[in-house]
Amino acid sequence: MALRKIVLQGEPCLTKVCRPVTDFNGRLHTLLDDLKDTLLDSGGVGLAAPQVGILRRVCVVLDEGSEEYIELVNPEIVAQSGEQTGLEGCLSVPGKWGIVTRPDVVRVRAQDRDGAFFEVEDEALTARCFCHEIEHLDGHLFVERTDHLLTEEELDEYIRQQEEGDDEE
């Protein structure tokens with residue numbers, strides 16, 4: 001297991017559609033382990049293979065509820081419902097934040113590290129991460145889904161308003 005370098009916006013690998021995984025072998029297992037280690041080290045909540053320069057349909061998402069990592073190989077969104085609008089950033093676009101609307105509940109069909117198919121459904125932040133990471137696999141960044149990137153002052157104000165809203169509940 002090793003930490004991999006996260007590539008930044010402007011790198012060509014972030015704009016390419018990734019190829020499906022067809023070999024479920026030790027190389028894939030190493031990639032998944034490295035993605036988890038790199039994600040843990042970065043403090044993020046999701047990381048896709050193209051973010052470390054690998055053009056394969058693989059990503060890892062931190063499950064907000066259980067704090068476990070969900071490994072997704074060849075994932076596809078099969079159902080979605082509701083809507084949430086919130087703050088979003090990306091490890092490949094450090095220091096940039098935007099407001100993005102996503103589905104509130106998302107069901108994903110994927111394969112595990114050994115090739116077995118499974119489905120997973122989640123909501124809120126984890127659903128947002130499913131969408132965000134799968135978009136990476138199709139060569140897209142969250143900055144394409146926001147009207148504008150927040151200034152530092154706007155970010156501070158947004159966070160303050162969210163904290164005040166949480167205090168009222």
Side-chain angles (χ1 to χ4, degrees), residues 3-18 32 34-53 57-72 75-110 119-169:
L3 297 180
R4 301 221 184 177
K5 179 180 183 265
I6 297 173
V7 298
L8 303 179
Q9 183 179 19
E11 290 289 328
C13 60
L14 293 174
T15 62
K16 298 189 183 310
V17 175
C18 295
L32 285 163
D34 290 354
L35 285 173
K36 284 191 279 191
D37 288 345
T38 304
L39 181 58
L40 179 63
D41 183 68
S42 73
V45 291
L47 189 63
Q51 291 181 272
V52 297
R57 298 190 74 78
V58 177
C59 59
V60 176
V61 171
L62 180 63
D63 181 347
E64 180 182 32
S66 70
E67 295 294 316
E68 297 289 324
Y69 292 99
I70 304 169
E71 299 177 347
L72 302 169
E76 61 180 302
I77 295 172
V78 294
Q80 55 189 340
S81 63
E83 188 175 271
Q84 59 170 309
T85 299
L87 188 63
E88 199 162 311
C90 178
L91 295 171
S92 290
V93 190
K96 305 287 186 188
W97 302 88
I99 305 300
V100 178
T101 299
R102 303 264 188 202
D104 191 47
V105 179
V106 175
R107 175 172 281 281
V108 174
R109 183 171 193 263
E119 289 191 7
V120 59
E121 182 176 286
D122 217 318
E123 61 186 6
L125 179 60
T126 305
R128 176 177 292 280
C129 289
F130 288 157
C131 295
H132 181 111
E133 298 311 323
I134 291 171
E135 282 182 356
H136 273 300
L137 304 180
D138 292 325
H140 298 286
L141 295 171
F142 89 96
V143 295
E144 298 169 42
R145 298 183 55 82
T146 186
D147 291 334
H148 81 283
L149 295 175
L150 301 179
T151 64
E152 212 169 296
E153 293 79 22
E154 290 171 324
L155 176 61
D156 291 344
E157 177 65 16
Y158 181 87
I159 292 170
R160 187 185 63 73
Q161 289 177 354
Q162 294 302 305
E163 288 171 350
E164 287 176 2
D166 289 345
D167 290 343
E168 295 172 6
E169 291 178 11

Item to check | Check: Thr146 side chain, Leu149 main-chain N or O, donor-acceptor pair, under 3.5 Å | outcome: no
Checklist entry - Of the options Lys96, Arg145, Arg102, which is the one that meets Glu88 in a salt bridge (Lys or Arg N to Asp or Glu O under 4.0 Å)? => result Arg102
Checklist entry - Is the closest side-chain heavy-atom distance between Val61 and Val108 below 4.5 Å? => result no
Item to check | Euclidean distance, Gln51 CD relative to Glu11 CD, rounded to 0.5 Å | outcome: 12.5 Å
Checklist entry - Shortest non-hydrogen contact from Gly53 to Cys13? => result CA-SG, 3.9 Å
Checklist entry - Do Thr126 side-chain atoms and Asp63 backbone N/O form a donor-acceptor pair below 3.5 Å? => result no
Item to check | Note, Ile134 side chain near Ile77 side chain (heavy atom, < 4.5 Å) | outcome: yes
Next on the checklist: Within the structure provided, determine whether Leu72 and Glu133 are in side-chain contact (heavy-atom separation under 4.5 Å).
Outcome noted: no
Checklist entry - For Pro103, does its backbone N or O pair with a side-chain atom of Gln84 as donor and acceptor, under 3.5 Å? => result yes
Next on the checklist: Using a 6.0 Å cut-off, check whether atom CD of Glu119 has over 12 heavy atoms from anything other than its own residue.
Outcome noted: yes
Next on the checklist: Within the structure provided, determine whether Asp122 and Val105 are in side-chain contact (heavy-atom separation under 4.5 Å).
Outcome noted: no
Checklist entry - What distance separates Ser81 OG from Glu123 CD, expressed to the nearest 0.5 Å? => result 9.0 Å
Next on the checklist: Can you tell me how far apart CG (Leu137) and NE2 (His132) are? Round to the nearest 0.5 Å.
Outcome noted: 10.5 Å
Checklist entry - Do the side chains of Ile6 and Ser42 get nearer than 4.5 Å, heavy atoms only? => result yes
Checklist entry - Is Ser92 reaching over with its side chain to a backbone N or O of Val7, donor-acceptor style, under 3.5 angstrom? => result yes
Item to check | Heavy-atom donor-acceptor pair, Glu144 side chain to Leu141 backbone, under 3.5 Å | outcome: yes
Checklist entry - Can Asp138 and Arg57 be counted as an ion pair, charged N to O under 4.0 angstrom? => result yes
Checklist entry - Does a side-chain heavy-atom distance below 4.5 Å link Val60 with Thr38? => result no
Checklist entry - Got a second to check how far Arg128's CZ is from Thr85's OG1, nearest 0.5 Å? => result 7.0 Å
Checklist entry - So, are Glu163 and Arg160 salt-bridged, with charged N and O less than 4.0 Å apart? => result no
Checklist entry - Hey, does Cys90 have a side-chain heavy atom less than 4.5 Å from the side chain of His136? => result yes
Next on the checklist: Nearest 0.5 angstrom please: Tyr69 OH to Leu40 CG, how far?
Outcome noted: 4.0 Å
Item to check | 4.5 Å side-chain heavy-atom contact, Val45 and Glu64 | outcome: no
Checklist entry - What distance do Leu35 atom CG and Arg4 atom CZ have between them, rounded to the nearest 0.5 Å? => result 7.0 Å
Checklist outcome for this item: Minimal heavy-atom distance between Cys18 and Pro50, with the atoms involved, is SG-CG, 3.7 Å
Item to check | Contacts of Gln80 that satisfy side-chain hydrogen bond (donor to acceptor under 3.5 Å, both in side chains) - sequence neighbours left out | outcome: none
